[in-house]
Each structure stands twice: as structure tokens, then as C-alpha cells.
Amino acid sequence: VEEFDPDNPDRYYYRGHWLSVAKYEETIRVLGGEDVTFTVRNTVHGPVLNKHGRRVSAKWMGAFPSADLTAFLRMNAARNLRQFLDAQRAYMTPVLNFVYADSLGHIAVRSSGWIPRRTRGDGRFPLEGSRGEDEWRGSPVPFEEMPLSVDPPEGLLIAANQALLPANESSPHYLGWQFAPPFRAERLDEVLSSGRRFTPNDMSRLQLDASDLFFRKVIPVLLRAFPKPPQEPEVQLALRLLEGWDGRVLPLRVEPTIAWEWLEHYSEAVWSDNWADASLPRDAGWQFSNGDWKPPLDVLLALSLGQNESHWFDDLRTPELEDRDTIMRRSFSAAIKELVTEFGPGMNTWTWSTRNRMVIPDLLNDPQRALNIEAVPGNSNTVCPGGAGGAVTRGAVYRLVVPLGNFQRARGAAPGTQASIPPELNGNALFQEQLQSYLTGNYVPLYYYSYFGDCLLYTSDAADEGLGVDLGGRRII
């Protein structure tokens, strides 16, 4: 947060001196319209933005010159693991998990990119800029000290946007905080650590896996919170349904809808009173955790599996002293009441398909050309990424299965996004075929040639994309 001269908006205070902003003009050319020209102002920290009534400077690694393209070209030309890892030295931003596998059976995963070494804070909130006391310290986190795993004894590596460092390990550097909850990674580990040999078809099926480990762990706690049957018949029936649920989030099942609606009420009941008591706004304003103050879902799970009397369960807005079971019962009844209001008392209409509908938007955001799918499995906690109610507009960008011993058996599918091809050019038919392959796991053949060498590079934001590779005993997701 900068301190600007009230009499001159182009001057700011820094370390005891008034400095002038650096200014330059940017022009955006508009198709079919007039060009738009605006002035960019930079302080020593970066470009100036107007945010929530304050003028702030954004210091971001992505604003610095980088050689990211060079890094990708070198990785694609790598002939072995050493060359692949060395190529990442040129990579800068954003920080990504790079996954490697080769036909010799070597596997690796590395977090690469520049992470600043901060004097204070973790980047979640703006810092005071005029004193210069919170500047980044020297060079970024050294390349050699970023997380790296090569050929672990388990023969398995998983990168599903979870924190790559195990809970019993730590880094001397701050490496970030917005990691995905561990449930997708845990499910992959559960399946792949079974000891059996996996075929390419097994890997395709795993990419469509819809088992929710969060609900598998927390639903038994919820059921035990009702020592006697509740009075409301709808609540009784909903509990009986959850008793027989295996945790799979399938389109025609009612239990996923019940469980997710309860989770929303439960999470709200656990956290929201604490923020209100501290006079904190619900919208964090600075995009903290997507504008919501709630901690990650794995924190809520750990709390729910712990002590019934934790102070977090007490509702500060009431005179009573609530415990976990009380909050669980109260939130579950509220969730069922809301579902009855939304869908009616007939639970057969509460299927997950009523909420979890995939929509693949057109590149030009033309709703007439969007690909609409009635229902898909999964939610945000499952290997097959679905949604949390409403349209599912995020998910695996590409799915791929490659036996590295025989590239000619490679299979993959893309769900669309190129539907801007006019229908008269057979665009929709092309991508509907790809889409069906993507949804069913019956992927189409891909073609590789011998002069590409023995290494396959595939980089992915693992929360959004699926990857399965059969290494003849060593497996990687």
C-alpha cells in the first residue's frame, strides 16, 4: 500500500523521500472500434492499481522479464532426466509442478518457478510500502531448494495440487499456502498403492474416479451426532441414505446432493460467527481464498475428527455453549429444509445431476455454441473433478494415458473449447466426438514417432488436468 502525495498523484513516499512514478502509455487495439490508450504508473514495487479505494502497487514475479519459453523448448528437447531438470532453471512463473517419466522407468516431480523470499508476511494481504521495511530479500528461493522427488521407493508420485512436502517435512523457505486439499491425492494413493499391476484402461478409469474421501471420513461422524432418530421425517430419510452411501459422487445418486448441501451449512456454522465476532467482513476484499475467510477443507475435517468440545464449534451469537455434534445436527436439519424448499419433498428429484452439469464455453463466449452436458460425476474433492452445485465450467483440460514402452498405444481426449469452429464446417461434430471420448474414458489414439526419443513431457495444473502413465510397475499421475 503506497502513500501518495495528496497534492500530486504522481508522487509517492518511499524510505524518507518523495519519488516520482514512472509513467508510460499503453494502447489496446479494439477490433471494429477505436483504440484505447491509458497511462501505466509504476513505483519501485510495480504497477499502480486502484483496489478498494486505495492505490496499491503490485509486486509480482510475473511482471519481470523471463525465459519461460526457452525453458519449455529445452524440456521438450530433453533426452534424459538431468536435461529435463536443468531446463527448468530458466523457468520463472507461475510456479508449476513438472512431472517426468521415461521409458527406462525413471519418474520425478519438481516444483519450479521463482518464489520471493519475504521479509514479512506470506503475500496474502497488502503490506505497507512507504517505509520499505517489507521488501523481498535478495534473490528468489534457490533452484536447488525447491521440492523435488526422483524415483521414490514406492515407485509412485502424485501431483494433484496438494502440498508436495509431506506433513513431517518442512522447507526453510515459505513456498505458498493455496494448495488443494489432499483428498484427490489420497484417493490416487489409495488406488495405486494396492499392489496390483495397472493397465492403460485401468488408468483411464481412474481418471474418472468419483470417490470423495472427505465425505467418506466425515459422514460417520455426522451419523454418530444423531444418537436418536430426529423428529423430521425428511431428516430421518436423508440420514438413512447416507448410512448406505459409499462416498461415490455419481450423477443419479441423491446422497452427494445431501452431503454437499450439509457441508455448506456446516462450514458456515463453524466459521462465520468467529469472523463476525472479530468485526471482519465476509468478503476479504483482497481476494483471500477466493474472497472467503473459511480455512481449507482439510482443516475442517481435522477439526471434525478431533474433540467434540473444540471452541470453534461454539456459536458466539447464542448464549448456549454448542459442541460439534450440536452444530452438525443443526446444520444438517437446515440443509434438508433448504433442499425441500428447492426441490420439493420427493428426494428422488435431489440427484447430483440436478446441480453438477458441465458447460464448456465457446472461445468467444457465445452461449449458442457452448457445449452443454446434462450431468457428470465427481465434485471438487474427487479425481474426476466436478463442481459444487451449478454449472461445471472447470475440470480436466486434457486427459492422457501413455504406455512409455510403446508410444503407439497412447490415448487421449480433449473436452472441447474449440467449438468456435462454425457448425457449417462440421465443428460441433468434431468436438462432440472428442467430448464423448473424454467423458467415457474411451480415448482416441495419439501418434508419436521414434525420432521424438524416449522421453515424454507433460506439464499440467494437476487440479484441472488428468494424467495417467503406465511404466510397467512404476506409475505416475
Side-chain angles (χ1 to χ4, degrees), residues 44-46 58-124 127 134-180 182 185 404 453-465 467 469 471 474 476-477:
V44 294
H45 299 119
K59 190 169 185 179
W60 175 47
M61 284 295 186
F64 293 85
S66 69
D68 294 349
L69 181 58
T70 299
F72 280 108
L73 290 173
R74 290 175 178 172
M75 280 187 279
N76 278 311
R79 307 288 297 183
N80 52 49
L81 177 58
R82 180 184 58 79
Q83 293 178 5
F84 176 77
L85 295 177
D86 284 345
Q88 294 173 37
R89 292 180 181 274
Y91 181 75
M92 185 171 177
T93 189
V95 176
L96 294 176
N97 294 332
F98 290 90
V99 176
Y100 173 93
D102 64 30
S103 58
L104 298 178
H106 298 299
I107 59 177
V109 60
R110 180 189 186 88
S111 289
S112 288
W114 285 17
I115 297 179
R117 292 189 292 169
R118 304 179 186 276
T119 303
R120 186 169 65 91
D122 52 19
R124 302 191 200 194
L127 297 171
D134 298 318
E135 303 300 316
W136 294 350
R137 294 185 292 111
S139 59
V141 173
F143 179 81
E144 291 77 12
E145 297 179 25
M146 293 290 286
L148 168 67
S149 181
V150 177
D151 293 339
E154 301 84 3
L156 169 67
L157 287 171
I158 296 172
N161 267 23
Q162 83 282 10
L164 286 187
L165 288 177
N168 60 347
E169 295 184 18
S170 62
S171 169
H173 308 288
Y174 176 74
L175 300 178
W177 63 279
Q178 278 190 304
F179 300 106
L404 292 189
D454 295 327
C455 299
L456 174 70
L457 166 67
Y458 186 84
T459 64
S460 113
D461 178 350
D464 295 331
E465 301 181 15
L467 169 64
V469 177
L471 296 176
R474 289 180 176 242
I476 192 165
I477 286 292

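- A 4.5 Å side-chain heavy-atom check between W60 and T93 finds at least one atom pair inside the cut-off.
- Among residues two or more places apart in sequence or in another chain, the side chain to side chain donor-acceptor pair (under 3.5 Å) test is passed with Q162 by none.
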Under 3.5 Å, sequence neighbours excluded: what are the donor-acceptor pairs made by side chains of residues 139-149?
| from | atom 1 | to | atom 2 | distance (Å) |
| --- | --- | --- | --- | --- |
| E144 | OE2 | R89 | NH1 | 2.9 |
| E144 | OE2 | R89 | NH2 | 3.2 |
| E145 | OE1 | H173 | NE2 | 2.3 |

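- A donor-acceptor contact closer than 3.5 angstrom links the side chains of S111 and N97.
- The CG atom of L404 sits 12.0 Å away from atom NE2 of H106, with the distance rounded to the nearest 0.5 Å.
- Atom-to-atom distance recorded for S171:OG and L164:CG is 11.5 Å, nearest 0.5 angstrom.
- We find the CG-CG distance between D102 and N80 to be 8.0 Å, quoted to the nearest 0.5 Å.
- No side-chain donor-acceptor contact under 3.5 Å links Y100 to the backbone of F84.
- Among residues two or more places apart in sequence or in another chain, the side chain to side chain donor-acceptor pair (under 3.5 Å) test is passed with R74 by none.
- Separation of atoms CG (L96) and CZ (R110) is listed at 13.0 Å; rounding is to 0.5 Å.
- Proximity of a side-chain donor or acceptor of D68 to a complementary backbone N or O of M92 within less than 3.5 Å is detected.
- Every residue meeting the side-chain contact (heavy atoms from CB on, under 4.5 Å) condition with A58, not counting sequence neighbours, appears here in chain and number order: L49.
- F179 and G176 get closest at one heavy-atom pair: CE1-O, 3.4 Å.
- With a 4.5 Å cut-off on side-chain heavy atoms, R117 and W136 do not count as touching.
- Contact between V109 and L157 at its shortest, heavy atoms only, is N-CD1, 3.6 Å.
- Here R137 pairs with nothing under the salt bridge (Lys or Arg N to Asp or Glu O under 4.0 Å) rule; sequence neighbours left out.
- Pairing each heavy atom of A87 with each of A71, the nearest pair is O-CB, 3.5 Å.
- Minimum heavy-atom separation, V150 to A108: CG2-CB, 3.9 Å.
- Taking each heavy atom of A101 and I107 in turn, the nearest pair found is CB-CG2, 4.2 Å.
- Closest approach of A160 and A185 over heavy atoms only: CB-N, 4.1 Å.
- Exactly one of R120, R118, H45 qualifies for a side-chain hydrogen bond (donor to acceptor under 3.5 Å, both in side chains) with E135. That residue is H45.
- By the 30° and 60° cut-offs, the orientation of the rings of F98 relative to F72 is tilted.
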